[in-house]
Amino acid sequence: MEKMIFKSQTDGQIEDILTEKGFKRGRVLKFLKNKDVRINGEKISSNVMVGCRDEVCVFYMPEDLLSIEKIFEDENILIVNKPAGIEVEGDGGVCQKTKTYAVHRLDRNTTGLLILAKNRKAKETLEKAFKEKGITKKYLAEVVGKTQFKDFTFNAFLLKDSASSIVKIYKSKVSGSVAISTTFSTLKSSGNSSLVECQLHSGKTHQIRASLAYLGHAIIGDGKYGKNADNKNFNAKTQRLHAYYLKFEKLEQPLESLNGKEFVSNPQW
């Protein structure tokens, strides 16, 4: 969710002022209906007059987010199929009708299933379920080389370098590192590449990407942990990592009805 704040340079109705800022009138009407506009800190829902030097604040989604595929939606949560190129950090949203909370994250160039909470109670319930391992998340990764993973659980330690935005994997604990655990299973292999299912048991920055690179099988298209020569050979325009599977368990009210439900999304590589 983006936010624009500015001081009005003229007296006028809010619809006219926002259209002059580049918003289409249809979108402005939706902003007002959803109470996404504030004047001097107060929410408004109609085409009121704005005075010169009044502060206008509007919450909106960039145009490229409005067409994201919805996988599931009810009054509490929204599951979308996130394309590459969209950053998910902290509270965020990709729902045109309501502000939402991102309760987990996907890397900018990782595609797939993203869960968003539509209210604070749903957010708290989902966060608790993640902590109690009540939400199963699985990814598909196309990697360089032939792999033979058979329910191989890789336990290691991850150290994040915030300055370079790169993480390093260590077999033994080093100062500042955190324990990570991921299970890898090879689904198919063509000799020069393999399709690997990845299940997270911990959720740390770049965990799957860095772990596979450490094991000698970087994700195709990964410009940070892979090799440019490999990416060029595979003509990879994007990172081939996709969050393809979700299953809910241990959810409390108001999300209890979702227990046992599974969601699947296929990658578009």
For atom NZ of K7, is the number of surrounding heavy atoms from other residues, nucleotides or ligands below 6.0 Å larger than 12? yes
Would you say the side-chain atoms of S265 and H242 include a donor-acceptor pair closer than 3.5 Å? yes
In terms of hydrophobic clusters joined by side-chain contacts under 4.5 Å, are V48 and F6 together? yes
If every non-hydrogen atom of G221 is compared with every non-hydrogen atom of A236, which pair is closest and at what distance? CA-CB, 3.7 Å
Do the side-chain N and O atoms of T183 and T153 include a donor-acceptor pair separated by under 3.5 angstrom? yes
Please identify each residue that fulfils side chain to side chain donor-acceptor pair (under 3.5 Å) with E252, with sequence neighbours left out. K128
Rounded to the nearest 0.5 Å, what's the gap from NZ on K33 to OG on S46? Could you check? 14.5 Å
Which atom of L116 lies closest to which atom of A102, heavy atoms considered: CD2-CA, 3.7 Å
Stepwise salt bridge (charged side-chain N to carboxylate O under 4.0 Å, His left out) check, D36 with R27: CA-CA 11 Å; D36 288 334; R27 291 193 71 194; over 6 Å; no
S8 and D54 side chains, donor-acceptor separation under 3.5 Å: no
Fit a plane to each ring of H206 and Y225, take the angle between them on a 0 to 90° scale, and name the class: parallel (under 30°), tilted (30 to 60°) or perpendicular (over 60°). perpendicular
Apply the test ring pair (Phe, Tyr, Trp, His ring centres under 6.0 Å) to residues F263 and F72: give CA-CA distance (whole Å), side-chain angles for both, the deciding distance (0.1 Å), then the verdict. CA-CA 9 Å; F263 300 91; F72 174 83; 5.3 Å; yes
Go through the side-chain N and O atoms of N76 and N119 and say whether any donor and acceptor fall under 3.5 Å apart. yes
Do E197 and Y244 have side-chain atoms, one donor and one acceptor, less than 3.5 Å apart? yes
Do V50 and D11 make a side-chain contact, defined as non-hydrogen atoms from C-beta onward lying under 4.5 Å apart? no
Looking at T19 and E15, would you say the former's side chain and the latter's main chain have a donor-acceptor pair under 3.5 Å? yes
Quick check for you: to the nearest 0.5 Å, what is the distance between L113 atom CG and H104 atom NE2? 8.0 Å
Test: K3 cationic atom under 6.0 Å from F59 six-membered ring centre, within 45° of axis: no
Verify same cluster id: M49, I17 (apolar side-chain graph, 4.5 Å): no
Under 3.5 Å, is there a donor-acceptor pair between the side chain of K82 and the main chain of T110? yes
Using the rule given for side chain to side chain contact (heavy atoms under 4.5 Å, CB included), can you reason through F248 versus I77, listing the C-alpha separation, both sets of side-chain angles and the distance that settles it, and then say yes or no? CA-CA 12 Å; F248 292 115; I77 74 165; 4.2 Å; yes
Applying ring-ring contact (aromatic ring centres under 6.0 Å, His included), which residue pairs with at least one partner in residues 158-186 are found, sequence neighbours left out? F149-F184
Step through the shown structure and confirm whether more than 12 heavy atoms of other residues, nucleotides or ligands are within 6.0 Å of CG on D161. yes
Between R38 and E55, does any side-chain N to carboxylate O distance fall below 4.0 Å? no
The reported gap from CG in N231 to OG1 in T238 (rounded to nearest 0.5 angstrom) is 10.5 Å
Hydrophobic cluster membership, with links at side-chain heavy-atom distances under 4.5 Å among I/L/V/M/F/W/Y: are L140 and F154 in one? no
For residues A141 and L241, report the shortest heavy-atom separation together with the two atoms involved. CB-CD1, 3.8 Å
Do T136 and E249 have side chains that get closer than 4.5 Å, going by heavy atoms? yes
Using the test salt bridge (Lys or Arg N to Asp or Glu O under 4.0 Å), find all partners of K121 that sit at least two apart in sequence or belong to another chain. none
NZ-OG1 distance between K188 and T147, expressed to the nearest 0.5 angstrom: 12.0 Å
Closest approach of S202 to S181 (non-hydrogen atoms, all atoms of both residues): OG-N, 3.0 Å
Hey, are the side chains of F234 and S193 touching, using non-hydrogen atoms and a 4.5 Å cut-off? yes
4.5 Å side-chain heavy-atom contact, I135 and L126: yes
Under the side chain to side chain contact (heavy atoms under 4.5 Å, CB included) criterion, do I79 and L114 qualify, and how do the steps go? CA-CA 6 Å; I79 301 175; L114 177 68; over 6 Å; no
Same apolar cluster (I L V M F W Y, side chains within < 4.5 Å links), I208/F152: yes
Would you say R209 and Q239 are linked by a side-chain donor-acceptor pair, where the criterion is simply a distance under 3.5 Å? yes
Regarding D107 and R105, does a basic nitrogen lie under 4.0 Å from an acidic carboxylate oxygen? yes
Please name the pair of heavy atoms, one in V167 and one in A210, separated by the smallest distance, quoted to 0.1 Å. CG2-CB, 3.4 Å
Roughly how far, to the nearest 0.5 Å, is NZ of K224 from OG of S164? 7.5 Å
What pairs of residues pass the salt bridge (charged side-chain N to carboxylate O under 4.0 Å, His left out) test when at least one of them lies in residues 135-155, not counting sequence neighbours? E142-R240
Within-4.5 Å side-chain heavy-atom neighbours: L158 and S177: no
Without placing hydrogens or testing angles, list every side-chain donor-acceptor pair under 3.5 Å for residues 211-220, not counting sequence neighbours.
unit_1 : atom_1 : unit_2 : atom_2 : d
S211   : OG     : Q207   : O      : 2.7
H217   : ND1    : V144   : O      : 2.8

Anything under 3.5 Å between a donor and an acceptor, one on a side chain of residues 254-262, the other on a protein residue two or more places apart or in another chain? List them.
unit_1 : atom_1 : unit_2 : atom_2 : d
E256   : OE1    : Q253   : NE2    : 2.8
N259   : OD1    : K250   : N      : 3.2
N259   : OD1    : L251   : N      : 2.8
N259   : ND2    : L251   : O      : 3.1
N259   : ND2    : E256   : O      : 3.3
E262   : OE2    : Y245   : OH     : 2.4

Check the pair L200, Y139 against side chain to side chain contact (heavy atoms under 4.5 Å, CB included), reporting the backbone distance first and the verdict last. CA-CA 8 Å; L200 291 172; Y139 295 71; 3.6 Å; yes
Answer whether the closest heavy-atom distance between the side chains of L78 and K70 falls below 4.5 Å. yes
For C198 and T182, work out which heavy atoms get closest and say how close. CB-CG2, 4.5 Å
Are I71 and V103 grouped together when hydrophobic residues (ILVMFWY) are joined by side-chain heavy atoms under 4.5 angstrom apart? yes
So, T186 versus S194: side-chain donor-acceptor pair below 3.5 Å or not? no
Rounded to the nearest 0.5 Å, what separation is found between the OG atom of S172 and the CZ atom of F157? 7.0 Å
Do the side chain of N34 and the main chain of K30 share a donor and acceptor less than 3.5 angstrom apart? yes
So L18 and V37, do their side chains get closer than 4.5 Å, heavy atoms only? yes
Less than 4.0 Å between a side-chain N and a carboxylate O, is that true for E124 and R120? no
